[in-house]
Amino acid sequence: MTTRVRFAPSPTGYLHIGSARTALFNYLYARHTGGKFLLRIEDTDLARSTEESTRSILEGLEWLGLRPDEEIVFQSANVEKHRKAALSLLEAGKAYRDFTPKSEASDTSVSVKSSIAERARKEGEKKNLRSNPYRELPKAESDERAAKGEAFAIRLKVPENGRSEFLDEVYGPQQRDYSEIEDLVLLRSDGHPLYNLAVVCDDIEMGITHVIRGQDHLTNTHKQVLIYRALGVEPPKFAHLPLILAPDKSKLSKRKHGEVVSMTTYRDRGFIAAAFRNFLALLGWSAGEEKEIYSLEELIEKFSLDGIHRSNAVFNFSESDPRRWTDEKAIWMNAEYIRNMPLDELLPLVREELKAAKLWREEYEDSSDSEINGRVVQIASSEIGDAKWFRRTIDLIRQRFFTLKDFSEQGRAYFSEDFDFDPAALKKNLEKYPQLREWLPELADRLEERFSASEGNTASGDVQAASNGQELKEIQPFTEANIEPIIKAFAEEKGTKPGVILNGARTALTGVA
RNA sequence: GUCCGGUUCGUCUAGGGGUUAGGACACCGCCCUUUCACGGCGGCAACACGGGUUCAAAUCCCGUACCGGAUACCA
């Protein structure tokens, strides 16, 4: 039997980091086992679900490269089936009608969650989960009241004695006494199916073999197993994932922590999808080796359920420090990808970034330059063509960048005359040495003289150089190796350190430190 | 409250009876570069606590503490 897993978000907001990781793990597991990765949008909570959320989630998954293998299932399309399932359970005597009027939601000033916790605490020990007066109502009477139009919810009849058990692929054997599980509502009094029922029905229908989801569902699983059994279906395997926590160890939430938990934030702030995916994979899972950078292929090959942790992971960021707006390891990993990924994969991403920043020029297009090797500093694009120049420039400056945004911000001066000077850089590299005001233009003239692009003086000019003996100096290319001695000599001549010249030039030319 | 889960450097983690407890990020230092960055080398830094079991416990068992999750006619 082939593995079938699913990612089942509810569209009540953008794609959250924790959800994204759940999706990723499902995807990796499916690929690793040669199975299918499915997507189901759990949009049955009409009040909270929005189309925009659905779109945002899809976008996030798309960005991460997690495309479902089959048609997306919208849970709301299946409510009729869910209803039927509840009714069949009722018919079979495995569920009962509860005619208790629906209690009004308590005051809205407190969050729903805490008010529920509060109530649970109050009810405390004396609770008896089998005390519902309608649980043992004779069928005839129940039918009659229903026929008369009295509203009812359908509750699952949880056995009085015994315990629920299942084996979690991550957390091991799980058990829960039935006395701890309430007769959960399957169908609301307005006929609306509830989460646990809907999930089970859909997972059955979709042929799900492994349910991989957040650990916050661990206790739900007992209820769901009960529903599977009542329906006469063998439950799938379950694997629960540790949660991702905020630095204060609270559950990472959209409401509380804002955009740092949203997938789209990372896309919009210049992250490489592969880098972020790599980072996410290592949050709560490990291949058990001393390695951090994994290609998607490697992740798929090495992924296994028993590499998943049992303890929650903290996603480390600081709300007050803009430099640590997200986990520093994620930023580092992104920089690592920017520096080391094949240039041809980076170029299109940089192009998009520059386009967004209105710095893109069509002349940069088509830059298939195979002969690039080493660091050729080519200042003038006129000498080698814009496309080639672009390619080399990106390859040069990517060494110091962390996100794609840096190409249009820190690196703006490479693509536009209109750029800002970093005040700190100005102070440190230019104002400190007033003589630079004369030195730099002088140096520029000297370099110009030396490397001026007259007759065939291009990057590949060394061919000519070789055949031209003593004229060598005149036609050397403008490379790091060739500039260096000139700068050194210049510095010496002016009685200063090359660093002063170099730093000053960099800041004057690019605006950055 | 009750039930369930968890606890190795600040953070992500390896290790699951005998290790100088390993790696990564961050931080610090040195080297490279008479520049920034990259890179290289090194440093700081952890087994929550208390009892067992054992020749030997970070590792197995019990308890405590702390953290988290769940407890809804939400998902």
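Proteins come first, then strands; the chains are lettered A, B, ... in the order of their sequence lines, and each starts at number 1. All figures in this text were calculated on a predicted structure; none of them were measured in a lab.
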- request: Assess the pair A:Trp325 and A:Phe315: is the distance between their ring centroids shorter than 6.0 Å?
  value: no

- request: For each nucleotide in nucleotides 60-66 of chain B, reading 5' to 3', give B when a protein heavy atom comes within less than 4.0 Å of its base, S when such contact involves only the sugar-phosphate, and - otherwise.
  value: -------

query: Closest to the A:Asn316 side chain: B:G6, B:U33, B:U11?
result: B:U11

- request: Please name the residue in the list A:Gln75, A:Glu42, A:His217, A:Lys223 that meets the side-chain hydrogen bond (donor to acceptor under 3.5 Å, both in side chains) test with A:Tyr195.
  value: A:His217

message: Mind checking if A:Pro11 touches a base, just sugar-phosphate, or nothing, with heavy atoms under 4.0 Å?
response: nothing

query: Between A:Phe317 and A:Asp327, which heavy-atom pair has the shortest distance, and what is it?
result: CB-N, 4.0 Å

- line: Nearest-nucleotide check on RNA chain B, A:Leu502 vs A:Leu283; residue mapping nearer the 5' end is A:Leu283

- prompt: So which one's nearest nucleotide on RNA chain B is more toward 5', A:Glu289 or A:Ser189?
  reply: A:Glu289

Atom pairs, protein N/O to nucleotides 39-45 of chain B N/O, distance under 3.5 Å:
none

task: May I ask you to decide whether A:Glu80 forms a salt bridge with A:Arg83, counting only side-chain N to carboxylate O separations under 4.0 Å?
output: yes

message: I'd like to know whether the aromatic ring centres of A:Phe25 and A:His210 sit less than 6.0 Å apart in this structure.
response: no

Axial cation check for A:Phe99 ring with A:Arg145, 6.0 Å and 45° limits: yes

query: Would B:C38 be called syn or anti, given that syn covers angles within 90° of 0?
result: syn

Sequence-distant partners of A:Glu319, salt bridge (charged side-chain N to carboxylate O under 4.0 Å, His left out), two or more places apart: none

field: Base partner of B:G5, which must satisfy Watson-Crick or wobble distances under 3.5 Å
entry: B:C67

- prompt: Got A:Arg213 and A:Leu241 here, is their nearest side-chain heavy-atom distance under 4.5 Å?
  reply: no

message: Under the salt bridge (charged side-chain N to carboxylate O under 4.0 Å, His left out) definition, can you give me all pairs with a residue in residues 187-200 of chain A, not counting sequence neighbours?
response: A:Arg188-A:Asp190

Short side-chain N/O contact from A:His309 to OP1 or OP2 of B:A14, under 4.0 Å: yes

message: Check the phosphate of B:A14 against A:Ser286, side-chain N and O only, distance under 4.0 Å to OP1 or OP2. Yes or no?
response: yes

statement: Any strand, both distances under 3.5 Å, Watson-Crick or G-U wobble: B:A26 pairs with none

- request: Assign the ring pair A:Phe238 / A:His240 to parallel, tilted or perpendicular, where the plane angle (0 to 90°) is split at 30° and 60°.
  value: parallel

message: Contact list please: residues 164-180 of chain A against RNA chain B, heavy atoms, distance less than 4.0 Å, in numerical order.
response: A:Tyr171, A:Gln174, A:Gln175, A:Arg176, A:Glu180

task: Measure from the side-chain heavy atoms of A:Thr44 and tell me the nearest of B:U34, B:C38, B:A75.
output: B:A75

- request: Can you tell me the pairing partner of B:U20 across any strand shown, Watson-Crick or G-U wobble, with both distances under 3.5 angstrom?
  value: none

Could you write out each protein N or O paired with an N or O of nucleotides 15-21 of chain B at a distance under 3.5 Å?
none

